[in-house]
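The structure appears below as structure tokens.
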Amino acid sequence: MTTVARFEIGYTQFIDRGGRASGELPAFARDPAALAPLYRAMVLTRGFDAKAISLQRTGRLGTYPSSLGQEAVGVGIGAAMAPADVLLPSYREHGAQLWRGVTPVELLFYWGGDERGSAFAGPTRDFPVCVPVASHAPHAVGVALALKLRGESRAAVCVLGDGATSKGDFYEALNLAGVQRLPVVFVVANNQWAISVPRSAQSAAETLAQKAVAAGIPGEQVDGNDVVAVVHVLAGALERARTGGGASLIEALTYRLGDHTTADDASRYRDDAAVSGHWEAEPIARLRNHLVGAGAWSKEDEERLLADCAAAIEAAVETYLATPPLPPTAMFDHLFAALPADLAGQRAEVEEEARGG
Ligand SMILES: Cc1ncc(C[n+]2csc(CCOP(=O)(O)OP(=O)(O)O)c2C)c(N)n1
Ligand SMILES: [Mg+2]
């Protein structure tokens, strides 16, 4: 037998878990002051998550998926994308959405069950949150095909979880993106868990990045808790996509420090002790240590940032809570141009019930 093909999967990290540069930093990261916006965005995301959970716990928000521990993936994606690119998030990319101009109020509307949460005033071409696992992967391919047919220098970014990579729609999307050389980047936020299913029980593949190989596209791993690495690797893949180089797959290695959602209790299936080790690698303290070590971040900077974030989040919560809800019929009003007959019947029933009929 002769070998007819050989593959390698690379891994990129620039800042180690202690906050030290583990090699030469990419150009954009050499001035530590330039990293402060990434730090601010991650802190805002974490603060938003904490507030959303407390709103849910007090009955003022629906089920909510925190991105605790994964902030560098979301923020890194947001920072690497150009405004004209198109984001197709799953449900844990609040950091990317906030960076791209989705407002905290819109996020609260969405997770509070209000349709206005998907009508972004900012990035109007971005897709709404996708709760069905991997169903947005074929949509991303459709977006990328449209961008290619129009000859536009833009790319789509589809974010999925490790669990999503086991689904058929993920493989189908990857395959078509590969053979048609489409401008799309798939980012797998590998947080090691799909609710209670650990990565070890998810796939026998050594890496999830290598799933790219069968689709004929580049696949690589990045330290998903190192925001500098996420921005750098994603920026490269996006540039390739926008200039005709086709699709790619990036596996961002991170860890879900919180419950799957507010409907979950992770202590029922994983050891708290195992989780605590992962706190040492989390992205926010890592970048703070890096900035402090470079003399680019002070205690006063930190205090001001925390106060600013708390004020922004509080203002959003006030607006959200003060906004009267839409009538229950709103849930029928944004899916179809013309409502199919069976749903029209249901809508009429809901309308009658709301009138007290
Ligand atoms: C098609 C589909 N099947 C099942 C579910 C229920 N579900 C919600 S999240 C989830 C696990 C997803 O894990 P992963 O892709 O790793 O993403 P993570 O939640 O870890 O970010 C499942 C099975 C769903 N939302 N959609
Ligand atoms: Mg997961």
Side-chain angles (χ1 to χ4, degrees), residues 42 45-46 48-49 52-53 56 62-78 87-98 107 110-111 113 118 127-141 157-174 185-212 219 221-225 230 249-271 274-275 278 281-283 335:
M42 291 198 291
T45 304
R46 187 166 291 184
F48 180 84
D49 273 337
I53 291 172
Q56 190 279 336
T63 300
Y64 183 80
S66 158
S67 65
L68 184 66
Q70 302 177 217
E71 295 88 350
V73 179
V75 168
I77 289 169
L87 177 68
L88 294 97
S90 62
Y91 42 80
R92 222 181 280 285
E93 286 71 52
H94 324 296
Q97 291 186 296
L98 289 168
L107 290 183
Y110 178 83
W111 294 105
S118 295
F127 274 49
V129 163
C130 183
V131 170
V133 170
S135 67
H136 60 320
H139 303 164
V141 170
V157 175
C158 179
V159 195
L160 316 100
D162 41 296
T165 69
S166 300
K167 282 195 69 225
D169 33 13
F170 168 74
Y171 289 105
E172 292 167 28
L174 226 59
V185 181
F186 298 94
V187 180
V188 174
N190 177 1
N191 63 7
Q192 314 299 335
W193 293 91
I195 313 185
S196 56
V197 178
R199 165 63 180 87
S200 58
Q202 187 65 247
S203 170
E206 198 174 347
T207 70
L208 300 177
Q210 74 203 53
K211 297 193 176 198
Q221 283 189 334
V222 63
D223 183 340
N225 287 355
V230 175
L249 173 64
I250 296 165
E251 177 186 4
L253 295 165
T254 181
Y255 194 84
R256 199 195 79 208
L257 290 171
D259 292 331
H260 170 69
T261 65
T262 48
D264 178 45
D265 173 7
S267 69
R268 292 177 60 172
Y269 54 81
R270 70 179 188 186
D271 240 1
V275 178
H278 288 278
E282 68 94 3
L335 279 176

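Whatever order the structure lists ligands and atoms in, that order sets their numbers, starting from 1. Numbers here simply count residues along the sequence, with the first being 1.
At a threshold of 4.5 Å between non-hydrogen side-chain atoms, the residues Phe186 and Thr165 do not count as touching. At a threshold of 4.5 Å between non-hydrogen side-chain atoms, the residues Tyr64 and His94 count as touching. For the pair Glu172 and Pro138, the minimum side-chain heavy-atom distance is 4.5 Å or more.
Listed by chain and number, the residues in a side chain to side chain contact (heavy atoms under 4.5 Å, CB included) with Gln56 are Leu61, Thr262 (sequence neighbours excluded). With sequence neighbours excluded, the residues forming a side chain to side chain contact (heavy atoms under 4.5 Å, CB included) with His260 are Tyr91, Arg92, Ile195, Arg256, Asp264, Tyr269, listed by chain and number. Considering only residues two or more places apart in sequence or on other chains, Asp271 meets the side chain to side chain contact (heavy atoms under 4.5 Å, CB included) condition with Ala274.
The side chain to side chain contact (heavy atoms under 4.5 Å, CB included) test with His136 singles out one residue from Leu160, Asp169, Val141, Val131, and that residue is Leu160.
Within the 2.8 Å limit, Trp193 places at least one N, O or S atom next to the Mg ion (ligand 2). At a threshold of 2.8 Å, the Mg ion (ligand 2) has no backbone or side-chain N, O or S atom of Gln192 nearer than that distance.
Ligand 1 is surrounded by Tyr91, Arg92, Val131, Pro132, Val133, Gly161, Asp162, Gly163, Ala164, Lys167, Asn191, Trp193, Ala194, Ile195, His260, each with at least one heavy atom closer than 4.0 Å.
To the nearest 10 degrees, the angle centred on the Mg ion (ligand 2) between OD1 in Asp162 and OD1 in Asn191 reads 90°.
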